[in-house]
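In this chain, residues are counted from 1 in sequence order.
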Amino acid sequence: MKEPLKDLQRFRDFLSSIPLDKYREELKNIKWVEQDLPKEILPLSSIFRYYWEERNFLNFEEWFENFWQHINNNQESKRALEDFKKYYFNRDLGENDWFKKGFKARMYRTWVSVLTQLDFCYLFEYICDKESKNLKLECNSELDRKGIDARVNEINFQIAKITQRKEARSASKKKSLITIPYAVFNLEDFERKIGSKRVKDKTGYQNSLQAFHRYFIRLNNGFVVFHENYLRTIIENISDIEKLKKVVEEISGELAGG
C-alpha cells in the first residue's frame, strides 16, 4: 500500500545510506561489459518491482545477488547470458568471476540512474498527496525502455543528468518531451572558482550555485535529490504543457548561471 508522505522519507533515508564513494572507487575502472544487453538480462523490471511497486529498498548488494540468481535460475535468461558471453568474449558460464564483476559494475550504474528517476516520482507523489492534488503518475520499465522516466496525464518526462553549467541550457530541449535537468555539479569546484582571482565569470557560478540549492538537495553521502521547489513549480503548471516547457527552460537557464 502506498503511503506517499512516509514513502518519500523512507526512500530518502535509503538513498542517504548508499556508500557512493565506496562504489565509485571500487567500480570506476570496471567497464568491460558495456555492450547492448539482450532483453532477457536487462535489470529494469527487477529494479522497478523492488523499489517502486513493492517499495522494498534493498541495498545494492542484496538486489544484485537476487537479480543474478534470477538470471541463472531462469532458463531463457541463462541461455541469453551464455550466448552474450560467448558472442562478445568467447567464454562460457564456467568462468563466472570476471564476467560477474563487470556485469555488477554495469548494473550499479543502471541502478543508481533509476533511483534518481524514482526520487522525482516519490517527491511528485508526496507533494500531490500533501496538497490533495489528483494527478496520476506512471513509472515503470516499459516506459523507461521508451526513454520516458515518468508520465503524468499525457505528459512524458525524462530526467537528464548534467554535470556542467553549459549543459543545463540544452537539457530542456533534448527531445519532444519535457526533459528535466538534474544537476550533479561539483559544488566545491564552483566555490573555488567563485573565490579565485583568476575567474572573471564569478556571477555565473554564483547564480548556478544558488539555483542548485534552490532546486536540489545534496544528501550527506553526496546523492543529489530534488527539492520541493522544483517539483511544486512543475505540478502547478502541469495543466498547460506550453507553460510547463517555459518553466523548465527558465530553471535550465538559472542552473546555467543566467
Could you check S46 against N66 for side chain to side chain contact (heavy atoms under 4.5 Å, CB included), going step by step and ending with a plain yes or no?
-> CA-CA 9 Å; S46 177; N66 282 348; over 6 Å; no
Is the [atom1] atom of [X] crowded by more than 12 outside heavy atoms at less than 6.0 Å?
X	atom1	value
K136	NZ	no
D36	CG	no
Q75	CD	no

[X] side chain near [Y] side chain, heavy-atom distance below 4.5 Å:
X	Y	answer
W52	N140	no
T163	F185	no
E254	Y215	yes
Y230	L123	no
H213	L209	yes
V114	F48	yes
L37	F103	yes
L15	S17	no

Spell out, as yes or no, whether a donor-acceptor pair under 3.5 Å connects the side chain of [X] to the backbone of [Y].
X	Y	answer
S208	L255	yes
K202	I194	yes
N207	G257	yes
S16	D13	yes
R214	H227	no
T116	V112	yes
N237	T233	yes
N221	I18	yes
S113	R109	no
D129	P4	no

Rounded at 0.5 Å granularity, tell me how far [atom1] in [X] sits from [atom2] in [Y].
X	Y	atom1	atom2	value
L135	L137	CG	CG	9.0 Å
Y205	K193	OH	NZ	3.5 Å
Y122	D119	OH	CG	10.0 Å
D149	I180	CG	CD1	9.5 Å
L231	C121	CG	SG	9.0 Å
K245	I241	NZ	CD1	5.0 Å

Nearest heavy-atom pair of [X] and [Y]: which atoms, and what distance?
X	Y	value
R12	L219	O-CD1, 4.0 Å
E62	L58	OE1-CA, 3.7 Å
G102	V33	C-CG2, 3.7 Å

Aromatic ring pairing F99/W68, orientation class (parallel under 30°, perpendicular over 60°, tilted between) =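 Tilted, since the angle between the ring planes falls between 30° and 60°.
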Going by the angle between their ring planes, with limits at 30° and 60°, are W63 and F60 parallel, tilted or perpendicular?
-> tilted
Are side-chain N/O atoms of W111 and Y51 paired as donor and acceptor at under 3.5 Å?
->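 Indeed, the side chains of W111 and Y51 share at least one donor-acceptor pair under 3.5 Å.
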No-hydrogen, no-angle side-chain donor-acceptor test under 3.5 Å, R151 and N156 = yes
Salt bridge between [X] and [Y], side-chain N to carboxylate O under 4.0 Å?
X	Y	answer
K101	E26	no
K100	E65	yes
E25	K28	yes
R145	E142	yes
K86	D83	no
R49	E54	yes

Under the salt bridge (charged side-chain N to carboxylate O under 4.0 Å, His left out) rule, what pairs show up with a residue in residues 220-237, not counting sequence neighbours?
-> K130-E228, E131-R232, E228-R232
Show your reasoning for whether side chain to side chain contact (heavy atoms under 4.5 Å, CB included) applies to Y182 and F216.
-> CA-CA 8 Å; Y182 167 73; F216 300 96; 3.9 Å; yes
Apply the test side chain to side chain contact (heavy atoms under 4.5 Å, CB included) to residues K104 and M107: give CA-CA distance (whole Å), side-chain angles for both, the deciding distance (0.1 Å), then the verdict.
-> CA-CA 5 Å; K104 182 177 181 179; M107 292 302 98; 5.6 Å; no
Check the pair E125, K6 against salt bridge (charged side-chain N to carboxylate O under 4.0 Å, His left out), reporting the backbone distance first and the verdict last.
-> CA-CA 11 Å; E125 282 194 341; K6 294 181 180 179; over 6 Å; no
Could I get the full list of side chain to side chain contact (heavy atoms under 4.5 Å, CB included) partners for P38, not counting sequence neighbours?
-> E40, I41, A80, F84
Steps toward side chain to side chain contact (heavy atoms under 4.5 Å, CB included) verdict (L244, K246) = CA-CA 5 Å; L244 184 56; K246 186 176 179 181; over 6 Å; no
All ring pair (Phe, Tyr, Trp, His ring centres under 6.0 Å) counterparts of F120, not counting sequence neighbours = F157, F226
